[in-house]
*Asks:* 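Next up is a structure, given as structure tokens.
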Amino acid sequence: MNMIEAINNALDIMLDRDPDVIIMGEDVGYFGGVFRATAGLQKKYGKTRVFDTPISECGIIGAAVGMGAYGLRPVPEIQFADYIYPGLDQLISEAARLRYRSAGEFIAPMTVRSPFGGGIFGGQTHSQSPEALFTHVAGLKTVIPSNPHDAKGLLIAAIEDNDPVIFFEPKRIYNGPFSGFYDKPVEPWSKHPDSVVPEGYYSIPLGKARIAREGAAMTVLAYGTMVHVVASVCEEKGVDAEIIDLRTLVPLDIDTIVASVEKTGKCMIVHEATRTSGFGAELSALVQEHCFYHLEAPIERVTGFDTPYPHSLEWAYFPGPVRIGEAMDRLLKDS
Amino acid sequence: MTAASRSNLNPLSLHVPEPRFRPGDTVDYTDLAISEAGAQPRPDETCEAAETHPLCTDLIRVLDDAGKAQGPWDPKLDPETLRRMLRTMALTRAFDDRMYRGQRQGKTSFYMKCTGEEATSVASAFALADDDMVFPSYRQQGVLIARNYPLVEMINQIYSNRADKLKGRQLPIMYSSRDHSFFTISGNLATQYPQAVGWAMASAIKGDTRIAAAWVGEGSTAEGDFHSALTFAAVYNAPVVLNVVNNQWAISSFSGFAGAERTTFAARAVGYGIAGLRVDGNDPLAVHAAVQWAANRARANMGPTLIEHFTYRAEGHSTSDDPSQYRSAHEREEWPLGDPVMRLKNHLIALGEWSDDQHAAMDADLMEQVKAATKEAEKNGILGHGLHHPFHTMFEDVFEELPWHLDDQAEQAIRERRIKWPTWKEYEK
């Protein structure tokens, strides 16, 4: 199963299990979404469970808040994460604070699905990674899967969660894991062990990271597409790094991070988003606070640049094997 | 190309709206088009939306200058209901007056009165079912009072005391009561509009019979949320009543800054192809009739209605505002649509169902009722006097469960408190 199929499968299972789950978003109904994540669901569950919306992110997310308050579990899709901004106020001022400001009288149990990240020639309006914005907001959970197995289990957990969840799907790896070597042929998910997706219902708890690769030379904290890019650089360079796939940024699995950094003594953080005030800054601060006396080298931060995503030069922007490799070399030298 | 090189063209000029009257100006409302009471047609509730569109630029009025109910919009309420409505509006006013004074006495940080606008919330609430979900803005305390929410609970919230159901987190007057189908109030304006539409859509998805109603001030119709909400309401034919309270002023910005110079707010309905009504917001019978019409229409699966309540904000925006700095004091005195409480009172007197003496007795009674509630609430504390919720509640309800980072921060906060007050104990009352 590829990642789209896994997401479609998770949505199918949840629509079937819980009559309060509904899906809405631009093009998600008859057409099944521009990435086909909702294909076939309207036909199966009807037009009042899975339906298209106007091009209005404020309307989509605002309506989802009201639906959540009613007692539904809406799963709105924002077609690209870059488009989420018109709905931002409804997310950060309303959905995120509803439980707090009403002392639990009203909640917004919604899961906002949105493809994010670059590497698909999407230019500066179809490539952004805005996850740090959401992690800065009290009351939102941020989830980012890195493979079909996790995508299904995490999405099911997100839909069942009673808090608003932002579920960012790394669109570069919808159809297959990505090595970061953009000029090499792309492997399909079928050749990857994490593409084995169990039939039926299962969930992966939010707030639990996954050790994607065990190693002793350094700890690399990554999520989404970057988990695969880092893994392929490790293979290429023969670096014995331990890769932690964070899976959820909020709530964050600090214990797994600390245990790994204490073991390896070195830490590298990789994300595709712009550098300044990116989630890497938070991770770096946390590792410093929790593991300072175990660190044998300065923490390395590998990120996108502080520019919008350029269309023609996207591989120059992307934190690929060269940037990651250099950082690994620096960490390995400092011992 | 520079402006100089095209100098044979007329220079463009920017229009910045200006209200007609500023402090010190004599007020003249003769240009204000006020329709004759009873002269507006009342289309069937299941009519095509377009049939209502002439009413978007008209003004639905029922009570005439003599206090008589006129025309097809007369809701023909029985005297008992009229008296209850009058009492609720007067109670809202008495409550406002007391809370305003409470703020001035330092018992809380902030208050907002709805003086002159009581009909827009109370008469609306009387026209809705008690379990229809309302998405209020900050000046609809009348809805909560109409639904018999205890005054003591309202005051506890205003004082942010230890009995405040919202645990002292919300600005005063930002109530929430799920039991009274009263949605939690946000300080971000117009956000409740798409939420109300979403709630109404959910109700329709589930085949429920309850509808939603939302309120927004005319100033916030400029927010994107207003337009997103109207688009969604129109597209899905959502069972929702969308109220715009046009009280002429958004703090110091007059309604022209929301586009009132060009057309009415009710006329926004025309562009969305939904039903729209413009109503005399100081006429409780007209407000009741319009909201009832819209509620019946929604329940008949005929979709949303946008209602503009044309009224006047008699007081300042809030206790932090001084309206004498930006508008003529005569505006309130000269307001040609009168006062909603007085108009309903005069109507009941004209019907022979009320008297000045009864009214005075009622007012005295209501004042006592509010005073008693205030005393009761003060036993639970006033703002800043230490009788608030247990300290740890600050960290609760951010998420359903407390994550580790909030747990850590809660411990830190408690540590800080012990340093400041060594004898302090958590959960101490």
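What you are looking at is a predicted structure, and each value in this text was computed from that prediction instead of being measured. Chain naming here is simple, since letters A, B, ... match the order of the sequence lines and numbering starts at 1 in each.
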*Asks:* How many angstroms lie between CZ in B:R178 and CD1 in A:I107, if you round to the nearest 0.5 Å?
*Replies:*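 These two atoms lie 8.0 Å from each other.
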*Asks:* Given that the side chain runs from C-beta out, which part of B:I185 has a heavy atom under 4.5 Å from chain A: side chain, backbone, both or neither?
*Replies:*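 Only the backbone of B:I185 comes within 4.5 Å of chain A.
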*Asks:* Check each atom of B:F226 against the heavy atoms of chain A and say whether the ones under 4.5 Å are side chain, backbone, both or neither.
*Replies:*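 For B:F226, neither part sits under 4.5 Å from chain A.
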*Asks:* Can you say whether A:P19 sits under 4.5 Å from chain B via the side chain, the backbone, both, or neither, judging by heavy atoms?
*Replies:*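 Interface part for A:P19: both.
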*Asks:* Using modelled atom types and a 3.5 Å cut-off, is there a donor and acceptor pairing between side-chain atoms of B:W404 and backbone atoms of A:L252?
*Replies:*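 Answer holds: yes.
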*Asks:* Restricting to non-hydrogen atoms, name the atom on A:F106 and the atom on B:T184 that form the minimum distance, rounded to 0.1 Å.
*Replies:*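 Heavy atoms only, the tightest pair is CD1-CG2, 3.5 Å.
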*Asks:* Around atom CD of B:E401, are there more than 12 heavy atoms of other residues, nucleotides or ligands at under 6.0 Å?
*Replies:*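 Count not over threshold, so no.
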*Asks:* Enter the distance from B:F183:CZ to A:L98:CG here, rounded to the nearest 0.5 Å.
*Replies:*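 Rounded to the nearest 0.5 Å, the CZ-CG separation comes to 4.5 Å.
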*Asks:* Who among B:A229, B:A212, B:G187, B:S177 has the most heavy-atom pairs with chain A under 4.5 Å?
*Replies:*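 Counting heavy-atom pairs under 4.5 Å, the top option is B:S177.
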*Asks:* Would you mind telling me which of B:P403, B:G224, B:S203 has the largest number of heavy-atom pairs within less than 4.5 Å of chain A?
*Replies:*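 Result: the option with the highest number of such pairs is B:S203.
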*Asks:* For residues A:P54 and B:V235, report the shortest heavy-atom separation together with the two atoms involved.
*Replies:*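 Answer, listing the atom of A:P54 first, then B:V235: CG-CG2, 4.0 Å.
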*Asks:* Please determine, among B:T191, B:V197, B:D225, B:D179, the option with the most heavy-atom pairs under 4.5 Å with chain A.
*Replies:*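 That would be B:T191.
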*Asks:* A:L72 and B:A202: which non-hydrogen atoms are nearest, and at how many Å?
*Replies:*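 Looks like CD1-CB, 3.4 Å.
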*Asks:* Do you know the tightest heavy-atom contact between A:D89 and B:N188?
*Replies:*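 Result for this residue pair: OD1-ND2, 2.9 Å.
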*Asks:* Answer yes or no: does atom NZ of A:K208 have more than 12 heavy-atom neighbours from other residues, nucleotides or ligands under 6.0 Å?
*Replies:*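 12 or below, so no.
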*Asks:* Which bit of A:I254 comes within less than 4.5 Å of chain B, counting heavy atoms only: side chain, backbone, both or neither?
*Replies:*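 Both parts, heavy atoms under 4.5 Å.
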*Asks:* Identify which part of A:E105 has an atom lying under 4.5 Å from any heavy atom of chain B, answering side chain, backbone, both or neither.
*Replies:*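 Its backbone and side chain both get close to chain B.
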*Asks:* Counting only heavy atoms closer than 4.5 Å, note whether A:D255 contacts chain B via side chain, backbone, both or neither.
*Replies:*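 For A:D255, no heavy atom lies under 4.5 Å from chain B.
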*Asks:* Side chain, backbone, both or neither: which part of A:I60 has a heavy atom under 4.5 Å from chain B?
*Replies:*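 When you check distances to chain B, atoms from both the backbone and side chain of A:I60 fall under 4.5 Å.
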*Asks:* Please indicate whether A:H136 has more than 12 foreign heavy atoms, meaning atoms of other residues, nucleotides or ligands, lying under 6.0 Å from its NE2.
*Replies:*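 Check fails, neighbour count at 12 or below.
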*Asks:* Hey, what do you get for CZ (A:R49) to CD1 (B:I205), rounding to the nearest 0.5 Å?
*Replies:*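 Spacing of CZ (A:R49) from CD1 (B:I205) equals 9.0 Å.
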*Asks:* When you measure from the side chain of A:D163 to the backbone N and O of B:E400, does any donor-acceptor pair fall under 3.5 Å?
*Replies:*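 Yes.
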*Asks:* What distance separates B:Q170 CD from A:R97 CZ, expressed to the nearest 0.5 Å?
*Replies:*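 Interatomic distance, B:Q170 CD to A:R97 CZ, rounded to 0.5 Å: 9.5 Å.
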*Asks:* Tell me, yes or no, whether the heavy-atom count around A:Y30 atom OH, taken from other residues, nucleotides or ligands under 6.0 Å, exceeds 12.
*Replies:*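 Atom OH in A:Y30 is not crowded, with 12 or fewer foreign heavy atoms closer than 6.0 Å.
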*Asks:* Where do B:F232 and A:S56 come nearest, in terms of heavy atoms and distance?
*Replies:*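 What the structure gives for the nearest pair is CE1-CB, 3.9 Å.
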*Asks:* Using a cut-off of under 4.5 Å for heavy-atom pairs, which of A:G62, A:G207, A:G87 has the most such pairs with chain B?
*Replies:*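 Greatest number of close heavy-atom pairs with chain B: A:G62.
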*Asks:* Surrounding NZ of A:K263 (heavy atoms of other residues, nucleotides or ligands, distance under 6.0 Å), is the total greater than 12?
*Replies:*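 Yes - once you tally the heavy atoms of other residues, nucleotides and ligands closer than 6.0 Å, there are more than 12.
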*Asks:* Please report the interatomic distance CD1(A:I22) to CE(B:M201), rounded to the nearest 0.5 Å.
*Replies:*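 Those atoms lie 7.0 Å apart.
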*Asks:* How far apart are the closest heavy atoms of B:F399 and A:G139, and which atoms are they?
*Replies:*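 Smallest interatomic distance, heavy atoms only, reads CE2-C, 3.4 Å.
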*Asks:* Measuring heavy-atom distances to chain B, does A:A64 have an atom under 4.5 Å in its side chain, in its backbone, in both, or in neither?
*Replies:*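 Neither part.
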*Asks:* Will you find, in the side chains of B:Q192 and A:E94, an N or O donor that is under 3.5 Å from an N or O acceptor?
*Replies:*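 Judged by distance alone, the side chains do not pair up.
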*Asks:* Rounded at 0.5 Å granularity, tell me how far CE in B:M174 sits from OG in A:S102.
*Replies:*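 So the gap between those two atoms works out to 14.0 Å.
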*Asks:* Of the options B:P194, B:S228, B:S186, which is the one that meets A:Q90 in a side-chain contact (heavy atoms from CB on, under 4.5 Å)?
*Replies:*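 Of all the options given, the one that passes is B:P194.
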